[in-house]
K.L.:
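After the structure tokens below, expect a handful of questions from me.
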Amino acid sequence: MAAGMGSRYGGIKQIDGFGPNGETIMDYSLFDALRAGFTQVFL
């Protein structure tokens, strides 16, 4: 997942929508983790 506060980016990268339906980097990361077999997520 993209780490950091995003001061140069200009916002919080992890929750900025960029996918075709507004998906976030966090959405993609969680999807991949679940597909890989992870059963718990800690934020």
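It should be emphasised that the depicted structure is a prediction, and the values quoted were computed from it without experimental measurement.
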K.L.:
Rounded to the nearest 0.5 Å, what separation is found between the CG atom of D27 and the CG atom of N21?
P.N.:
10.5 Å
K.L.:
Taking ring pair (Phe, Tyr, Trp, His ring centres under 6.0 Å) as the cut-off, I'd like each qualifying pair that reaches into residues 13-43, sequence neighbours left out, listed once.
P.N.:
F18-Y28
K.L.:
Taking side chain to side chain donor-acceptor pair (under 3.5 Å) as the test, write out the residues that go with D32, two or more places apart.
P.N.:
none
